[in-house]
Number of protein chains: 2
Amino acid sequence: MEIILSNLKIQVNEKIYVKDPETSALGKKIIEQSILLIDAIGFDNFTFKKLGEKIGSNESSIYRYFENKHKLLVYLSSWYWSWMEYKLVFATTNITDKKEKLNKAITIVTEKITDDTATEHINEAILNKILIAEFTKTLHTKEVDQENKEGFFLIYKRVINRIVTIVKEVNPEYAFAKSLVSTIVEGSLHQHFLTDHLKTITDCNDTVTTTQFYLNLTENVLR
Amino acid sequence: MEIILSNLKIQVNEKIYVKDPETSALGKKIIEQSILLIDAIGFDNFTFKKLGEKIGSNESSIYRYFENKHKLLVYLSSWYWSWMEYKLVFATTNITDKKEKLNKAITIVTEKITDDTATEHINEAILNKILIAEFTKTLHTKEVDQENKEGFFLIYKRVINRIVTIVKEVNPEYAFAKSLVSTIVEGSLHQHFLTDHLKTITDCNDTVTTTQFYLNLTENVLR
DNA sequence: CATAATTGATAGTAATACTATTATATTTGC
DNA sequence: GCAAATATAATAGTATTACTATCAATTATG
């Protein structure tokens, strides 16, 4: 997987950026360091000025890549879900047993990423932390309908619908496949958040994982 | 229920506000109108200056009630969950059948509030809309651990743990009661959000409700 | 090597998120 | 009914944010 991933160009909707950050050294530095800075100080405290200082570049240069920090977060999220989709497709192709395929898929989207994988300038483990802490903010804006129309959330929705297809293979009778999967994908980020911050309302921790919870849940719901 | 609710003083943690808004006409106006304004323009675009203009009061007067807009949102959320807890307790007390009790509880926390209920200056239907759109923002900050320590999320956690108790009465063997309930409570807000904005990844709509999805899910998981 | 494209530096604006001070109402306690 | 206390309003001011515009300096490319 390592080799393949390192050659992989993750596709992100062009409308999200002003200039594709993958096309220059500065662009890659913006992505790499924004992930570290958002993780360190949180998205709310993150500014392009601070990022500029961190990478030794001018604020105005960053604006040539992204209109604002919201779009940058949408970009990072899109990249993440694109990477997730790749992992998902890679891990489930050629599995003939439907239940096994579904379990694999659920494992992929619910497990916490703990190690930096193949890509050059992107630390997926930290990006996963950012998604856990900040992903909902990409959706919860007044512009969500407009941005949805422009395709900002296409990859996210595609990841969910890929798993929906697998769910329907396991149980074609089940009436809530979409809601189940969207609950799992969003909910697993939430359970990771609770594990980190509000331990009294989750059972998930280092030994009992979020993945186990959702595997068990899905098994029970679809049987 | 109407009469009782109108006499009810909803309790909110004192640390959330500078001055209790329930103790003055201006305070109540701040709560009433902030709900309408946040609903209208979204929390991100909401400022104390705009609220001041809307209620014909000075910005600085609002700061005497709330340190900042984040605390105001935490207050509104707290109030909502306190109201929800009241409804929950009221609706489930004296129900002896455990499954019926759980179904009632799940219905209470997952259904969309569509009508303004008893309280004077608070429109619960609109407040519910705000929770659907903005609640995650109360938790997803760098200060979450500190604020959790100070008890900002106590009522929210108590609502969840009340339902956890009911789940355990129905099935004491089930190992993920907390995660199940926190998934339901948070997830139902999310499903309502998807129904409003990302319809392609949910099955919930006007005829098939979020409540039905979660009743079915819980039934299957605990049987 | 000339030209184009990119980046950096500087400056500037409007809005945000407050704090401080003082004046003016309004409430309450005697 | 009035003085004292309290609440509110008005004004001003600061630091930061979230940009935009301009122009100079650097780097890439044909």
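Since the model is a prediction, treat every value here as computed from it, not as a measurement.
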Selection from dT8(D), dT16(C), dC23(D) that lies nearest to any side-chain heavy atom of R64(A): dC23(D)

Describe the nucleic acid contact of [X] in one word from base, sugar-phosphate, nothing, applying a heavy-atom distance below 4.0 Å.
X	answer
Y65(B)	sugar-phosphate
E59(A)	base
K19(A)	sugar-phosphate
Y63(B)	base

Respond yes when some side-chain nitrogen or oxygen of [X] is under 4.0 Å from OP1 or OP2 of [N], and no when none is.
X	N	result
S60(A)	dA18(D)	no
T47(A)	dC19(D)	no
S57(A)	dG8(C)	yes

Ring pair (Phe, Tyr, Trp, His ring centres under 6.0 Å), that's the test. Do Y80(A) and F135(A) meet it? Break it down for me. CA-CA 10 Å; Y80(A) 178 86; F135(A) 175 60; 8.3 Å; no

Close side-chain approach of Y214(A) and T183(B), heavy atoms under 4.5 Å: yes

Report yes if some heavy atom in the side chain of V164(A) is under 4.5 Å from a heavy atom in the side chain of I201(B); otherwise report no. no

Working for side-chain hydrogen bond (donor to acceptor under 3.5 Å, both in side chains), residues E147(A) and H197(B): CA-CA 10 Å; E147(A) 294 187 351; H197(B) 302 292; over 6 Å; no

Mapping N58(A) and F46(A) to their closest nucleotides on DNA chain D, which lands nearer the 5' end? F46(A)

